[in-house]
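The block underneath contains the structure these notes are about, expressed in structure tokens.
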There are 2 protein chains.
Amino acid sequence: MNYYCYVCNMGVTKTEIFTEQQNRVADLAKAFAHPARVAILQLLIARKACVCGDLVDELELAQATVSQHLKELKRIGIIQGEINPPRVCYCINPVVWQEAKSAFGGMLDSFADISCCN
Amino acid sequence: MNYYCYVCNMGVTKTEIFTEQQNRVADLAKAFAHPARVAILQLLIARKACVCGDLVDELELAQATVSQHLKELKRIGIIQGEINPPRVCYCINPVVWQEAKSAFGGMLDSFADISCCN
DNA sequence: TAAATCAATCGTAATATTACATTATAACAA
DNA sequence: TTGTTATAATGTAATATTACGATTGATTTA
């Protein structure tokens, strides 16, 4: 993928003009930027253990769609999957979850309630 | 907008099958889900005051693009703009910022480091 | 071996997002 | 009134995302 037009930049996020940190925050935020992914993360936490395809039963989404969201969450790194045939068990990746905590925490705490136009 | 195909649901987020809270978290996360918006929010915080179109100078993005990101941030509610002709000053909306803090905080703290596949 | 199960992948269809040039608007200054 | 300045809105082009049916592959069970 990513065979895009080199003449214009339309529709393409210009990652190179932002800092590493800004791009990472944006990526971590994407894990939470779709209600289905929020629901998946909440289910994984509530179960305190790996869940597999019952995510499909809980959510009113097709198996292919759930799988696609899981793939995105894995790409970001916030969840990990363990193959346990014929199932695959998913759970939160504690290291990346901690990273998200720091990243959002740092960002959110940097605002000290001082706005000019209150 | 939103004149989409009623037969299929392709490409359309099925907001109705998720809770109010899940949809709101997802929406708030969108404020941080693009590096340009992260950069804009960081600039607004660093200045401790409203900034106008110098955002365009700071970021290597066209004015129209910055304006579009500001519009999205305003839609979410996390920033507010005060018209001060011919400028518009933007700043963080403290109420919504606090909402984001609670929402992400609640979500992030709900995971207690217990994963089955560590 | 054959059937069943589960999840990933592929293909496709549609909307959403990102980016920018251009145009419009609104206020002030000359 | 006319010009200047700053911002918003519009139009357009391209990629990204979301969703799902169908297929594939891997493994277990009968």
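The shown structure was predicted, so the numbers you read here are calculated from the model rather than taken from an experiment. Here is how names work: the chains are called A, B, and so on, in the same order as the sequence lines, proteins then strands, and each is numbered from 1. Values below: every heavy atom of this structure, side chains too, minus hydrogens, waters and symmetry copies.
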**Request:** Would you give the length of the straight line joining atom NE2 of B:His34 to atom NZ of A:Lys30, rounded to the nearest 0.5 angstrom?
**Result:** 7.5 Å
**Asked** Closer than 4.0 Å, any side-chain N/O of A:Lys30 to the OP1 or OP2 of D:dA16?
**Response** no
**Message:** Does D:dA19 have OP1 or OP2 under 4.0 Å away from a side-chain N or O of A:His69?
**Reply:** yes
**Prompt:** Of all the choices, D:dT10, C:dA19, D:dT18, which nucleotide is nearest to the side chain of B:Ala64 once you look at every atom?
**Reply:** D:dT10
**Message:** Using a distance-only criterion (donor-acceptor N/O pair, under 3.5 Å, no hydrogens), is the base of D:dA8 paired with the side chain of B:Gln63?
**Reply:** yes
**Prompt:** Looking only at heavy atoms, which two atoms of B:Leu43 and B:Glu58 are closest? And how far apart?
**Reply:** CD1-CB, 3.9 Å
**Request:** Could you grab the distance from atom CG of B:Leu73 to atom CD1 of B:Ile79, nearest 0.5 Å is fine?
**Result:** 4.5 Å
**Message:** What is the separation between atom CD on A:Glu72 and atom C1' on D:dA16, rounded to the nearest whole Å?
**Reply:** 10 Å
**Prompt:** Does D:dT7 have OP1 or OP2 sitting under 4.0 Å from an N or O in the side chain of B:Ser67?
**Reply:** no
**Message:** Main chain of B:Ile92, side chain of B:Trp97: is a donor-acceptor contact present, judged purely on distance under 3.5 Å?
**Reply:** no
**Proximal nucleotide (of C:dT18, C:dC20, C:dA8) relative to the A:Lys74 side chain** = C:dA8
**Request:** Apply side-chain hydrogen bond (donor to acceptor under 3.5 Å, both in side chains) to the pair A:Gln21 and B:Gln42, showing each step before the final yes or no.
**Result:** CA-CA 12 Å; A:Gln21 188 252 354; B:Gln42 287 177 336; 3.2 Å; yes
**Asked** In whole angstroms, how far is the P atom of C:dA7 from the CG atom of A:Leu61?
**Response** 15 Å
**Item:** Distance, rounded to the nearest Å, where B:Glu16 contributes CD and D:dT18 contributes P
**Value:** 15 Å
**Prompt:** In terms of the nearest nucleotide of DNA chain C, which residue is placed more toward the 5' end: A:Lys71 or A:Phe18?
**Reply:** A:Lys71
**Asked** Starting at CZ of B:Arg75 and ending at P of C:dT18, how long is that distance when rounded to a whole Å?
**Response** 11 Å
**Complete:** Atom CD of B:Glu60 and atom C1' of C:dC20 are separated, to the nearest Å, by 15 Å
**Message:** Taking donor-acceptor contacts at under 3.5 Å, does the side chain of A:Gln68 reach the base of C:dA8?
**Reply:** no
**Fill in**
Closest to the side chain of B:Tyr90, out of D:dT18, C:dA21, D:dA8, is D:dA8
**Presence of B:His34 side-chain N/O under 4.0 Å of C:dA19 phosphate oxygens OP1/OP2** = yes
**Message:** Rounding to an integer number of Å, can you tell me how far B:Leu59 CG sits from C:dT18 C1'?
**Reply:** 14 Å
